[in-house]
Each structure stands twice: as C-alpha cells, then as structure tokens.
Amino acid sequence: MMKMKKDKGTYYISTPIYYPSSNLHIGHTYCTVMADAMARFKRLSGYDVHFLTGTDEHGQKIQTAAEAAGMTPQAYVDQIVDGIKDLWETMEISNDDFIRTTEDRHQKRVKQLFMRMYEKGDIYKGEYEGLYCTPCESFWTENQLVNGACPDCGRPVQEAKEGAYFFKLSKYSQALLNLFETNPNFLQPDTRRNEMIAFINQGLEDLCISRSTFDWGIKVPLDEKHVIYVWLDALANYITALGWPDEPALYDKYWPADVHLVGKEIVRFHSIIWPAMLMSADLPLPKQVRGHGWLLIDGGKMSKSKGNIVDPVKLIERYGIDALKYFLLREYSFGQDGIFTNEIMLKRMNYDLANDLGNLVSRTVSMIEKYCGGVIPAAGVGTDNPALLETDKDLTEIAISAAAKVEEQMDKFQFNLAIEEIWILVRRANKYIDENTPWVLAKDEACKERLDAVLHNLAESLRIISLLIHPYMHTTAEEIRKQLGIGATEILWDDAFVFNRLDGQKVSKGDPIFPRLDIDKELAELEAMKGTPKSDNIPLELKPEIDFETFDKLDMRVGTVISAERHPKADKLLVFQVKMGTEKRQILSGVSEFFKPEDFIGKNVIVVANLKPRKLKGMESKGMLLFADNVVDGQLRFEMVTTVAEDGNPVT
Ligand code: MSP
C-alpha cells in the first residue's frame with residue numbers, strides 16, 4: 001500500500017514522444033525508465049506528480065513506412081502504438097497520461113498554438129530551398145552538415161524546395177541566449193548548454209514549419225495544402241496533453257513542466273525551438289530540459305539492419321522488470337553514452353542483485369525465523385564490546401543518512417550514484433552480519449540479547465532499503481516489506497530517516513528475490529535468441545520516389561582507385577585519387593568507419609562524375625563514389641571489378 005502526503009507542490013516530468021515507426025528498443029526503454037524512476041521518487045518524497053509520455057505519429061517517415069507496409073498511416077501507427085502501450089504496461093511504468101499526436105485533443109490544440117504564433121506576427125509564408133534529411137525530418141544548411149551528411153544521423157541529405165510557412169526563430173536568438181546565460185539550470189548537463197549557445201551564435205535561421213510534399217500531418221489552419229512540421233506538432237504535446245488552451249485545469253496546475261527528459265540528439269529541438277515557440281505564444285517556459293546519452297551496441301547506435309536491436313520484452317521475460325530497470329539505472333551515468341552488452345548486464349544482476357541484495361534479504365529473514373521464532377526482536381545493544389558497538393553505530397549512521405544522499409543525487413539526475421548510496425548500505429549490512437556472526441551468537445544463551453540486537457538492526461536496515469529502492473524497483477521493495485511482515489503498512493519516505501520502526505513484526509521467508517544466474521549459459525542462450533538477420537523480415541524504408549528524368553541527370557562512370565588515404569582533418573573521410581580515362585580526380589567519401597584505405601587500391605568503383613565539386617574540410621571533392629547499404633548485414637558495399645589492365649584502366 002502506498003499513500004503519500006502531497007505537500008511539496010507539483011512536479012511535471014515528460015519523456016519524448018516516441019516515433020511509432022518501429023517497435024521500441026532498450027534505448028527508448030532507458031529514457032522511460034529514468035523518467036519513471038524520477039516520477040516515483042518525487043511521488044514518494046511528497047510531490048503531486050504528473051508524468052507524461054506518448055507517441056509522435058505524423059511526418060513523412062511514418063507515411064513512407066506505412067506505404068511500404070501497404071497500410072494507411074493511421075492503421076500502421078495504431079498497431080505499433082498498441083505495442084508501445086503494452087510495453088509500458090508490462091514494465092509497470094507509472095505515467096499519468098499517454099498522448100498520441102493523432103488524437104483530436106492534440107490536433108485541435110496544435111492548430112490553436114499555430115494561430116497564436118501567427119497572430120503574433122511570427123509566422124510568414126515564403127519559399128524553402130535547402131538540404132533535407134528525411135529520416136530526421138530536418139532541413140539543414142550547408143555549413144551545418146558534417147562530412148556533407150546530416151549532423152544528427154550521418155545519412156545523406158537531399159536538396160528540397162517548397163512553398164512553405166516559416167517561424168521567425170531568428171527573432172528569438174537574443175532571448176534564447178539570455179535564457180541560457182541567466183538560467184544555467186534551464187539546460188543540463190552543462191556540455192549541452194555550451195553546444196546550444198555555440199549553435200545560436202552561429203546564427204539562427206527562421207524555421208520552416210510546414211510541408212506540402214506529403215499530407216500525413218496536422219493541416220495548417222488557413223492553408224490546408226500544407227501540413228504542420230512534425231517537430232512543431234510534436235513539441236506542442238507537452239501542453240496539449242494538459243488541455244491547453246480550452247480545458248486548462250491540468251495546464252494551470254502543472255505547467256510549466258519541471259523537466260523534459262530527452263536524448264542528446266533532440267536537445268536542440270527542446271531547448272531552442274520549443275522555448276521560442278512558447279515565447280511567441282506568450283506562454284511560460286519549462287523549468288528544465290535534461291539531455292541524456294545513448295546506449296551503444298557494438299560501438300554504435302542500434303539498428304534494425306545491423307540486427308543488433310535489443311528487445312526489452314525478451315530481457316524482462318527472462319530476468320524480470322526490476323532486474324532490467326535496476327541495471328539501466330545503475331550502470332549508466334546520466335548525460336554520457338554507455339555501452340550495452342549482455343555480459344555487463346548479467347554481471348550487474350548477479351553481483352548487485354543476487355549476491356548483495358538477495359543474500360541480505362534471505363540471510364536476515366532466515367535468521368530471524370531460525371533464531372527468533374520468526375518475530376523481529378525489539379531494539380537493544382546486548383554488548384559492551386567497543387568493536388561491536390562501533391559496527392552498530394556505523395550501520396545505523398549509514399542507514400539513516402542514506403535517504404538524504406539519495407535525494408542529493410536524484411536532484412542531479414544521477415540515478416547511478418543515488419543507487420550506489422543505497423548499495424553502500426546493502427554492502428555494509430552484509431558486512432555487519434559477517435562481523436557479528438549471529439550463527440555463533442545463537443549457540444550461546446548468554447549472547448541472546450546481542451543476537452536480538454543484531455537481527456533487529458538488520459531488519460531495520462532492510463526496512464530502510466525497501467523504502468530507498470522503491471522508486472527504482474517497487475515490486476522488489478514490496479516483496480522485501482512482505483517478508484519483513486510490514487507489507488500492509490504505508491510507504492513513507494520520511495520513515496527512511498529513522499531506525500526504530502520494527503518490533504514484533506512476523507517475518508515470512510519467500511523465494512530468493514533474485515536467483516543467481518549462470519552467466520555463461522545465459523550468454524549462450526541470449527546469443528542463440530538473436531538469430532541471423534534476414535533481408536526478408538527487414539522492412540525496406542526508402543526515400544521518396546524520383547522520376548526517370550531526375551535519375552537520368554546523373555552521369556555515372558567506372559573509375560579505378562589509384563590511391564586512398566585518410567583525410568588529415570576529418571576522421572570519417574577518405575581521400576581517393578580516381579582515374580577515369582585520361583582524367584584523374586580527387587574524390588572524398590565519408591566511409592572510413594567501414595573500410596581501410598588499402599581496401600580500395602586498384603579496385604574499380606562507380607563514380608557520379610557530374611556532381612558539382614565541393615570542399616570538405618578544406619579539400620576539394622570532384623564527384624562521388626557510389627556505395628550502397630546492404631539490407632542484410634547493414635554494411636556498405638561498392639561494386640568491385642577486380643580486373644585492371646596494365647595502364648590502370650578497367651578491363652570490361
Ligand atoms: N519523436 C521524436 C521526439 C519528439 S519529442 C517532442 C523522437 N523520437 S524517437 O523515437 O526517435 O526517440 C525518442 C527518444 O529515444 C530520444 O530521446 C532518443 O534519444 C531516445 N533513444 C533512441 N535510441 C536511443 C539509444 N540507443 N539510447 C538512448 N536513448 C535513445 O526523437
């Protein structure tokens with residue numbers, strides 16, 4: 001039973017709304033688990049919490065994926081969103097609301113927000129010409145590109161031109177800079193804030209906020225040929241879900257949000273575009289945006305085509321919700337990227353959960369059953385041995401000071417350090433058992449008082465642990481309380497600061513809370529479950545169709561690579577000298593993570609020979625080498641005709 005005094009005010013926390021373009025993986029789970037832990041922590045410590053999550057369902061990417069699946073966009077997103085809702089339900093995520101951007105409540109309010117910005121004079125019609133990254137739904141300028149590709153995802157961008165509506169983002173440059181300077185807390189961690197300040201200082205351009213090349217979106221009020229840019233649509237969810245502006249009860253209560261928790265690559269949208277939109281609409285800004293790092297697999301982002309997606313459902317089925325949540329929160333340091341491997345996960349589960357916590361629970365409860373008839377003894381001391389008195393003092397102090405330390409780390413979103421504070425207590429309590437050897441005390445009737453005192457102290461420590469872990473693993477917390485005979489009592493955070501709550505409760509031993517895992521066996525089975533990715537179950541997500549005339553503008557030639565070396569100033573780029581007939585050309589390509597320069601020497605490659613030359617990090621590139629994504633293994637390929645004549649020209 002959990003009842004809380006809500007006297008600390010309100011706390012509104014959000015996750016990003018996820019794209020339902022495919023099922024969610026462990027990386028998305030990581031973000032939601034952190035938000036859930038924070039929401040539970042704040043509820044437990046006395047806040048009236050509103051926790052929002054949801055799905056971002058419009059945009060070209062979804063429309064294209066739906067078309068590829070032969071479905072309407074709505075039917076396509078519906079089935080994926082059902083899966084996402086199921087995942088959060090299975091994981092017992094405690095969100096108070098789930099917003100879908102296809103819901104009426106959202107769509108009508110986005111239009112109202114758009115009109116408010118329009119009436120302010122901040123939206124105008126113009127023509128957009130720029131470089132567009134379809135997967136990220138983002139337009140970029142030439143100097144924002146990294147190695148000629150999208151700075152967020154590294155994929156190629158295409159030139160795009162359309163009549164469109166623009167938001168006067170540039171008008172808010174100074175106000176945004178003031179925001180970052182006067183309120184350093186607005187965006188955390190500091191590294192992200194510095195990046196954003198640098199981004200604004202490069203010069204903010206007005207933002208294109210409508211699209212007319214596809215129609216899966218919210219129609220622009222006043223001009224239904226256009227749909228509203230998916231990011232403007234999505235960001236608005238944080239207030240539309242609260243009923244702004246027409247049903248403002250929740251909005252009045254919870255806005256401004258205390259924190260928007262987001263991944264590092266979408267910090268820019270949340271800390272520049274979103275505040276500017278709110279400034280334009282004369283609405284208060286969120287109090288904070290927090291950018292977390294990524295979980296990386298095999299040294300990079302998870303991808304369907306690499307076949308290295310980690311499915312949280314499979315891990316939950318095998319190890320339980322609490323073990324997975326514990327691992328995600330304990331292993332990674334907020335704000336930094338972290339490596340995910342099965343081995344790291346299994347070791348954490350074994351060492352921290354089965355060994356440290358699991359053993360403490362089972363040893364304490366069994367000894368109370370065995371030596372005290374299952375009843376927690378009253379507090380006492382039972383010794384005048386200074387060394388043992390010191391162990392009591394040490395354990396008590398660590399136990400009653402842990403809650404404040406946990407709070408301090410949680411204020412900084414350092415989940416791993418908050419949990420580490422709790423494990424200092426768990427490990428101290430285990431050591432306390434070894435120092436006081438209750439099994440020896442139990443053999444001597446004269447030591448009964450000391451034995452009682454020791455077991456009481458252990459039960460108290462465990463009670464405090466059950467409170468402290470509640471935000472991160474509530475089922476385990478409740479199981480421990482059940483075993484301690486206090487399962488039906490209220491869970492109050494304030495009880496974590498005192499060491500005198502138990503006397504006479506009847507314990508009842510349960511199954512081990514975390515069974516020990518055979519790591520080698522688990523590793524082998526997890527590996528076997530992965531299977532080999534097959535091209536026929538990987539949906540092919542393509543860029544929009546082009547007509548033959550467009551294709552025919554490309555002049556493609558076979559060339560021979562005479563030399564290839566790394567670019568002196570750009571890690572990703574290789575610099576090729578390619579021979580085509582009488583001509584020798586320098587061509588740059590961002591493929592150094594896939595190939596070594598020597599892989600190319602003497603090989604034939606296909607060259608787009610009439611691409612406008614351009615400079616990449618100070619070196620000219622005349623043309624482009626053709627590579628293609630292999631659907632099966634996610635690797636890049638280039639056609640290699642290995643026969644080369646003595647004059648260096650290809651033999652056909
Ligand atoms: N729809 C936008 C967000 C709009 S919010 C107004 C979006 N969706 S997303 O599904 O692509 O990503 C949602 C979140 O998941 C992002 O914060 C992103 O950082 C996070 N993650 C996706 N993969 C991740 C990892 N591998 N590791 C950690 N977080 C990751 O962006």
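Order of appearance sets the numbers: ligands from 1, and atoms from 1 within every ligand.
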*asked:* Applying side chain to side chain contact (heavy atoms under 4.5 Å, CB included) to Leu207 and Tyr229, what does each step give before you reach the verdict?
replied: CA-CA 10 Å; Leu207 180 72; Tyr229 174 44; 4.3 Å; yes
Is there any protein N/O under 3.5 Å from an N/O of ligand 1, and what does the full list of such pairs look like?
| from | atom 1 | to | atom 2 | distance (Å) |
| --- | --- | --- | --- | --- |
| ligand 1 | 1 (N) | Ile17 | O | 2.8 |
| ligand 1 | 1 (N) | Asp56 | OD2 | 2.7 |
| ligand 1 | 10 (O) | Tyr19 | N | 3.1 |
| ligand 1 | 17 (O) | Gly263 | N | 2.8 |
| ligand 1 | 19 (O) | Glu265 | OE1 | 2.8 |
| ligand 1 | 19 (O) | Glu265 | OE2 | 3.0 |
| ligand 1 | 26 (N) | Leu295 | O | 3.1 |
| ligand 1 | 27 (N) | Leu295 | N | 2.8 |
| ligand 1 | 29 (N) | Gly27 | O | 3.3 |

_Quick one: does any side-chain atom of Asp311 pair with a main-chain N or O of Val313 as donor and acceptor, under 3.5 Å?_
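It does hold such a pair.
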My understanding is that only residues two or more places apart in sequence, or in another chain, count here; which of them pass salt bridge (Lys or Arg N to Asp or Glu O under 4.0 Å) with [X]?
X      : result
Asp78  : Arg100
Asp337 : Lys264
Glu247 : Arg109

_Close side-chain approach of Ile218 to Lys108, heavy-atom, < 4.5 Å_ =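 They are not in side-chain contact.
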